[in-house]
**Q** 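Below you'll find the structure I mean.
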Amino acid sequence: MNVYQAEILTSEKLGQLYHLLIIKQPDIALTAKPGQFVYLKGGKGLDPLLPRPLSIHQLNQKEGTIQLLFQLKGKGTIGFSKMKTGDLLTVLGPLGNGFSLADEGQNIVIIGGGIGVAPLLYLAEKLQERHFKPIIILGFRDKENIVAYESFSQLGCQLIVATEDGSFGRRGRVTGVLEEIISSEKIDVIYACGPQPMLKAVQKVAEKWEVENCQLSLEARMGCGLGACMACVCGVRLEDGQFGYRRVCSEGPVFNSREVLFDE
Amino acid sequence: MNVYQAEILTSEKLGQLYHLLIIKQPDIALTAKPGQFVYLKGGKGLDPLLPRPLSIHQLNQKEGTIQLLFQLKGKGTIGFSKMKTGDLLTVLGPLGNGFSLADEGQNIVIIGGGIGVAPLLYLAEKLQERHFKPIIILGFRDKENIVAYESFSQLGCQLIVATEDGSFGRRGRVTGVLEEIISSEKIDVIYACGPQPMLKAVQKVAEKWEVENCQLSLEARMGCGLGACMACVCGVRLEDGQFGYRRVCSEGPVFNSREVLFDE
Amino acid sequence: MNEPNLAVDFAGIKLKNPVLTASGTFGFGREYSRLWDLNLLGGIIVKAVTLEPRLGNPPPRIAETPAGILNSIGLQNPGVVSFIRDYLPFLRQYEDLPVIVNIAGNTIEDYARVAEKLSNAEGISALEVNISCPNVKQGGLAFGTDPESAYQVIEAVKANTDLPVIAKLSPNVTDITEIALSVEEAGADGISLINTLLGMAIDINSWQPILSNVVGGLSGPAVKPIAVRMVWQTAQKVSIPILGMGGIATAEDGIEFMLAGAKAIAVGTANFFNPYAAPEIVAGLKRYLKEKNIEDVNQLCGALRFTKNN
Amino acid sequence: MNEPNLAVDFAGIKLKNPVLTASGTFGFGREYSRLWDLNLLGGIIVKAVTLEPRLGNPPPRIAETPAGILNSIGLQNPGVVSFIRDYLPFLRQYEDLPVIVNIAGNTIEDYARVAEKLSNAEGISALEVNISCPNVKQGGLAFGTDPESAYQVIEAVKANTDLPVIAKLSPNVTDITEIALSVEEAGADGISLINTLLGMAIDINSWQPILSNVVGGLSGPAVKPIAVRMVWQTAQKVSIPILGMGGIATAEDGIEFMLAGAKAIAVGTANFFNPYAAPEIVAGLKRYLKEKNIEDVNQLCGALRFTKNN
Ligand SMILES: Cc1cc2nc3c(=O)[nH]c(=O)nc-3n(C[C@H](O)[C@H](O)[C@H](O)COP(=O)(O)OP(=O)(O)OC[C@H]3O[C@@H](n4cnc5c(N)ncnc54)[C@H](O)[C@@H]3O)c2cc1C
Ligand SMILES: Cc1cc2nc3c(=O)[nH]c(=O)nc-3n(C[C@H](O)[C@H](O)[C@H](O)COP(=O)(O)OP(=O)(O)OC[C@H]3O[C@@H](n4cnc5c(N)ncnc54)[C@H](O)[C@@H]3O)c2cc1C
Ligand SMILES: Cc1cc2nc3c(=O)[nH]c(=O)nc-3n(C[C@H](O)[C@H](O)[C@H](O)COP(=O)(O)O)c2cc1C
Ligand SMILES: Cc1cc2nc3c(=O)[nH]c(=O)nc-3n(C[C@H](O)[C@H](O)[C@H](O)COP(=O)(O)O)c2cc1C
Ligand code: FES
Ligand code: FES
């Protein structure tokens with residue numbers, strides 16, 4: 001983990017809502033694990049002031065590159081999308097703990113909602129490499145909001161896409177699909193990333209079906225990105241049963257769903 | 001005068017210290033007078049916050065372009081120099097009163113010091129167009145600091161360059177050269193732009209040799225650039241003989257040297 | 001949906017929209033009128049006017065700071081007589097442009113006399129009493145940081161005018177609500193929040209202060225969070241309306257102030273880096289209301305919601 | 001020219017250079033130690049330590065504002081016992097790294113007890129007494145805005161420690177020098193200026209405050225002009241040394257503070273957007289002194305010059 005100046009190799013607009021950057025950073029490409037993220041700033045200016053956390057969407061160790069897939073939300077992400085090939089980004093990373101990989105022979109479901117699919121591609125690929133056959137469920141509001149479908153479908157895993165309005169794939173929510181699957185076959189591991197309401201619903205399903213290893217990747221507004229400032233906490237049930245706060249940047253972003261206490 | 005989005009057509013580094021931008025802005029190119037300036041900002045970001053005042057160095061009415069010549073000083077000017085061809089600048093202008101042109105048959109000296117030469121090229125050209133034969137004196141610290149020499153020498157006017165260390169042209173200050181000239185021929189009009197110590201010295205020379213029409217182009221830190229905020233004032237002797245403040249942005253930047261009271 | 005209502009009633013002044021320009025950043029209107037129609041504004045607050053003409057402070061009077069500026073203009077203005085004679089008639093040409101005159105003075109008596117003179121002029125909608133200017137040696141800030149003095153100034157102004165009186169408070173205080181309550185008690189019809197924060201910048205090459213007055217007033221986006229907080233705190237305590245300002249550069253910024261409790265807003269420093277800021281904010285506000293299906297801009301005022309965590 | 005001297009003596013603490021890291025922005029040092037050698041620092045000021053462990057405030061705890069941030073961490077920390085046992089030993093590995101412990105409490109008694117406990121531990125160079133935290137319901141800011149309470153806290157801490165005591169003041173006051181004089185009289189050996197300014201940010205989509213604690217502390221480059229002004233004002237009045245902070249992100253910023261009168265400086269929010277900020281400032285300071293042919297960094301302290309206009 002360190003701070004690097006990384007060159008933008010590719011900058012690609014994906015529809016109105018999303019953007020993909022490929023940047024050159026061999027150290028991160030060599031060491032990053034699925035679920036880890038980088039803390040990204042475009043230059044030394046004070047507007048915006050803070051870096052932005054973005055997951056490692058995909059990486060290529062041979063070429064020393066990493067892919068960042070993001071939704072255009074505000075100053076930070078829109079700023080990144082306007083940078084050009086050859087421009088330098090300041091990258092702190094890789095950060096966070098990442099997903100822990102499943103044990104041999106386990107059945108896995110990967111669930112992503114909206115831009116929450118970002119960290120799941122590299123995860124799915126890694127799992128495939130290790131001969132797991134994860135089922136991937138991706139949910140989006142509607143057809144216009146779909147992102148990274150191509151990349152996921154090229155993996156050759158079982159892929160189910162749901163949209164809330166039914167404009168593409170199945171109609172409904174990903175957690176509906178998840179329950180269907182769990183009720184028909186035993187699932188040992190769930191990996192999930194997406195908006196909080198989705199993660200809450202996944203947490204409930206995991207609890208109901210007693211899936212012990214349900215890993216949720218959380219988001220939080222960050223200060224340092226390193227674990228020093230205590231800005232990015234989420235509520236958890238500590239080992240001793242007490243309520244406490246854990247840092248998403250350094251103790252997360254991935255937490256076991258049993259320990260996460262949303263809304264506290 | 002209005003706010004425009006102007007495209008950068010040419011962005012050229014001139015040595016370590018200076019930069020030249022050519023931007024497309026037909027309205028300004030059509031109406032700007034020598035000595036006027038624009039108030040320039042590179043995008044909507046808050047860093048830097050304020051626009052920067054830059055003189056009209058040269059313009060091309062046919063092509064609708066204006067040239068800005070500037071020294072790299074801080075965030076603002078360095079930021080402009082990093083912008084690329086095709087990028088848009090926000091330009092408020094043309095602003096200020098500009099130089100008033102001499103009466104027919106008058107003898108003219110134009111004096112510039114350092115980057116103060118910027119507004120003088122367009123002035124000199126305009127004067128030439130009207131068949132004046134201005135003598136141009138440009139002063140720089142040393143050879144490395146010389147800028148726009150080519151453009152001025154192409155005018156075909158009498159051009160004298162002085163450097164403080166004698167590394168190019170004559171050794172010494174522009175005001176020394178000015179006094180030499182004035183003592184040998186009658187000068188009716190002086191136009192000057194440059195650092196304050198130079199302008200003060202020019203003011204003294206004009207007073208001593210009773211050159212009534214000595215026009216100094218001043219600089220001041222600005223807020224609005226329009227005359228509304230009273231930030232950019234310089235001390236002057238008012239018509240009634242009293243001390244007062246005048247706005248460089250709207251009542252200047254060009255003032256008659258008799259009214260300017262430096263250091264007050 | 002119909003066009004949303006943008007009109008607000010501020011302390012008895014009818015504003016066709018809640019967007020004004022802040023005193024000192026917009027002169028007496030003439031300069032910006034060359035760029036756009038001042039009738040687009042909810043109202044204009046002109047530069048501080050004093051009893052006698054004021055020279056102001058020596059330059060440099062402005063310094064740029066991160067997302068802000070420091071100024072030490074020092075109330076340069078032509079004096080109340082010249083204002084009424086030479087500047088007011090221009091503004092009176094605009095039929096639907098409430099003119100609020102910012103007034104300042106060295107003594108309570110000064111304030112009273114300026115108020116009196118302005119009240120006899122035609123075409124003024126309200127007085128904004130500047131008890132918060134950090135850039136003058138006498139009066140100014142001193143009045144705005146002491147509840148008792150603040151009270152006295154407002155009381156004296158009220159006694160000398162029939163116009164609505166808006167007290168403009170200084171943020172350089174421990175407890176803004178204490179001063180706010182005091183001016184409310186003194187009869188103020190509204191409160192302007194905030195004037196500038198006292199700041200300083202140093203040139204590390206010359207080792208001198210950048211401003212010749214050494215210290216100056218900080219304004220611009222940098223101060224917005226402080227201003228929003230003060231508007232919110234004050235709105236909990238007073239029942240007179242608040243005119244919010246401090247770093248407003250976009251409609252989004254303005255909406256923050258209104259949700260915090262401001263009934264109207266003023267655009268200051270933003271005029272300098274975007275001369276179209278004020279009319280753009282009016283347009284942006286309208287767009288926001290439409291998008292959110294809100295019929296009346298007044299619905300924003302103080303509408304801040306709290307989640308259970310708060 | 002020889003290498004310039006960077007060492008300063010701050011309230012009896014020998015610092016090899018005047019650059020520290022500000023409390024709460026640098027944890028207990030471990031995280032940044034993975035990036036660079038903490039021995040490069042003049043000293044470290046650790047996160048506030050309280051008598052009992054603190055949970056802190058619910059998230060969100062941070063919001064970005066123009067050139068600044070708002071935080072409402074709420075003093076989450078493991079408590080003084082755990083600090084001494086679990087965190088201090090790590091810092092003691094660094095031979096030449098003065099450790100200053102920031103302390104906070106709900107009551108004067110709390111402060112006294114924490115001070116006492118820390119004084120019995122080894123490897124602490126000084127205590128920085130936080131009487132200015134805006135993010136806790138009890139104590140915190142209330143102590144820092146009243147000269148009398150400020151006096152009492154510092155007096156109580158002094159009575160319970162032999163370590164140098166640095167009073168960390170709140171900028172949310174009408175007159176910073178009044179509080180500064182009060183803590184000096186109470187025996188403070190130094191003054192830290194400034195803690196955060198109370199601010200607020202609102203999400204205009206949800207109509208809720210961004211911070212779950214509603215208000216938070218503003219820090220970062222945005223506040224620098226206010227901090228420099230307070231350092232300058234205070235330096236005119238007190239004779240104990242000042243530790244300047246508030247928006248320092250570059251060596252140039254640090255030099256401004258020293259010229260205004262700070263003897264040492266601390267880097268806070270800048271650590272977040274440039275994790276190498278502190279060592280870069282040390283290097284930049286050295287470069288500046290060399291370029292200007294200044295032999296000793298102490299020559300900068302309070303060296304502000306005035307032109308005739310001032
Ligand atoms: C560990 C982690 C990984 C992430 N990975 C991705 C990813 O791969 N792709 C992607 O599109 N987004 C990702 N996000 C969310 C992304 O960080 C935000 O969308 C982004 O910071 C928004 O910045 P902005 O300036 O565009 O928006 P603004 O709303 O203007 O941001 C304002 C401030 O709020 C913070 N903020 C706003 N939304 C979020 C959020 N959801 N999470 C954290 N901070 C937020 C910003 O960082 C900034 O400080 C991730 C977040 C975390 C915590
Ligand atoms: C009417 C006028 C015309 C000018 N024309 C030119 C020109 O053609 N070419 C050129 O190189 N320079 C010109 N200048 C000076 C130029 O505006 C400054 O060099 C520039 O603003 C510096 O900005 P910066 O961000 O690079 O430097 P910084 O020092 O970082 O600027 C900080 C702040 O101080 C202000 N400032 C700093 N120096 C000056 C200055 N000398 N005059 C006014 N404001 C200043 C900046 O505008 C900014 O607000 C002109 C100034 C004026 C007033
Ligand atoms: C250059 C300048 C001059 C100002 N002059 C006055 C003034 O004369 N009277 C007054 O009450 N406020 C004055 N102010 C304060 C503004 O009206 C406003 O309260 C403050 O700048 C905060 O708003 P802003 O951040 O949008 O600028 C002045 C501000 C600036 C920047
Ligand atoms: C996230 C965060 C946490 C902080 N925690 C503390 C604290 O525990 N104790 C304290 O005295 N100051 C605390 N501060 C204030 C800083 O130490 C510093 O005084 C302030 O941020 C101004 O400096 P800056 O602008 O460089 O950040 C904190 C600041 C931030 C941003
Ligand atoms: S962002 Fe600082 S601890 Fe996580
Ligand atoms: S810059 Fe505002 S009056 Fe000149």
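Labels below follow one simple rule: chain letters A, B, ... track the order of the sequence lines, proteins then strands, and each chain is numbered from 1.
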**Q** Do the numbers put Arg52(B) on top of the ring of Phe70(B), so that NZ or CZ is under 6.0 Å from the six-membered ring centre and no more than 45° off the axis?
**A** no

**Q** Select one option (side chain, backbone, both, neither) describing which atoms of Leu226(B) are under 4.5 Å from chain C's heavy atoms.
**A** both

**Q** Check whether Phe28(C) gets within reach of chain B through its side chain, its backbone, both or neither, counting any heavy atom under 4.5 Å.
**A** neither

**Q** Would you name the heavy atoms of Val174(B) and Gly139(B) that are closest together and state the gap between them?
**A** CG1-N, 3.2 Å

**Q** Should the heavy atoms of other residues, nucleotides or ligands under 6.0 Å from CD of Gln61(B) be counted, would the total exceed 12?
**A** yes

**Q** If you count heavy atoms of other groups shown closer than 6.0 angstrom to NZ of Lys126(B), is the number above 12?
**A** yes

**Q** Please look at Pro66(C) and chain B and tell me whether the side chain, the backbone, both or neither of the residue comes under 4.5 angstrom of a heavy atom of that chain.
**A** neither

**Q** Go through Asp47(B), Leu46(B), Thr90(B) and name the one with the most non-hydrogen pairs under 4.5 angstrom from chain C.
**A** Leu46(B)

**Q** Is there a donor-acceptor contact under 3.5 Å linking the side chains of Glu128(C) and Asn130(C)?
**A** no

**Q** Side chain, backbone, both or neither: which part of Ala231(B) has a heavy atom under 4.5 Å from chain C?
**A** both

